[in-house]
Amino acid sequence: MTADIIDGKAFAANIRLKVAKHVTNLKAQGITPGLAVVLVGEDPASEVYVRSKGEMTLEVGMNTFEHKLPADATQAELLAVIHQLNNDPTVHGILCQLPVPDHIDETTVINAIVAEKDVDGFNILNVGRLATGQKSMVPCTPLGSLMMLRDRLGSLSGLNAVVVGRSNIVGKPMVQLLLKDSCTVTITHSRTKDIEAICRNADILVAAVGRPEMINADWIKPGAVVIDVGINRIPAPERGEGKMRLVGDVDFASASKVAGAITPVPGGVGPMTIACLLANTVTACCRAAGLLEPDGLTV
Ligand code: GUN
């Protein structure tokens, strides 16, 4: 069997198109959705992410607000920026790029963002709302993964889903979304016994551990849908000295011979994350304005 490749790039472009259409409609009603991104320090990877988020926000016609603080900014200074954004009616979504420097408490920062503008879906209120089936902001990477799964499989009801990894950002919210869609869900992690056998029982396998190419063909049930959330940079001497390449948590070469469908890295889940961030901002904007929520941009 050779797996179908799930084209996250094309999928994400389609979501951005839908977002842009909704933005046009909102603008016709005098509302321009706005996304504020806060960055503390000069981490090069974070700067790339933030720039790319800003560019895509503009591309879909929304306002972008960037707030850069020096690496030695105090927690109080960061919280003051967040409070100002919380109270700014032109800002519908707020994201503080993680990680923040060690002297700042990440949880305090996340929970300082008012839940209705928390487009990351990391605030404790959104975590609780998602877990109890209430309307919430849904974390972007799991949201994008679920959209691709629904597109591939239609109903997920009754399917065995295995999530590898228990992070607050991906693993745990992914479990909630799969449960909401009536999957039988197992969450596995570094201490799980016989993890391979558990994964081999999965109709849906979501890999989010951050271990390069950990999951190979032996872990995969023939025909399963594999969502690879991992983005790992590994040395690529074949490309020249000091060169690196991106790989997922799944060994794509072997897994794609067994799976029914699989997301590649790069070009799979990655592009969906920013597209879903834009989608969440439009959703937040519509909710703030008391308008009907756009179809197909959230779950
Ligand atoms: N850093 C890496 N990924 C993310 C993300 O999805 N949201 C935020 N806020 N920071 C990140």
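One-based numbering along the sequence shown. Counting starts at 1 for both ligands and their atoms, following the listed order. Quick caveat, the model's predicted, so the values are computed rather than measured.
Residue contact check for ligand 1: F122 places a non-hydrogen atom closer than 4.0 Å to it.
The closest donor-acceptor contact from the side chain of N123 to the backbone of I113 lies under 3.5 Å. Of the possible polar contacts, none joining the T186 side chain to the V163 backbone as a donor-acceptor pair under 3.5 Å is found.
For K53, no nitrogen or oxygen atom sits less than 3.5 Å from a nitrogen or oxygen atom of ligand 1, counting backbone and side chain alike. Below 3.5 Å of separation, one finds no N or O of L95 facing any N or O of ligand 1. Of the polar atoms of C96, at least one N or O is found under 3.5 Å from an N or O of ligand 1, judged by distance alone. Residue D120 has at least one N or O atom closer than 3.5 Å to an N or O atom of ligand 1.
Classification of R16 and E55 as a salt-bridged pair fails, no side-chain N sitting under 4.0 Å from a carboxylate O.
The one candidate from P142, S145, S167 that meets the side-chain contact (heavy atoms from CB on, under 4.5 Å) condition with V229 is S145.
The contact set between ligand 1 and L98, taken as ligand atoms under 4.0 Å from a residue heavy atom, comprises 1 (N), 2 (C), 8 (C), 9 (N), 10 (N), 11 (C).
Atom 11 (C) of ligand 1 has as its closest protein heavy atom Q97 NE2, 3.5 Å.
Hydrophobic clustering of Ile, Leu, Val, Met, Phe, Trp and Tyr side chains at less than 4.5 Å, counting indirect connections, keeps I262 apart from V265.
Inspection of the T90 and D88 side chains reveals an N or O donor paired with an N or O acceptor under 3.5 Å.
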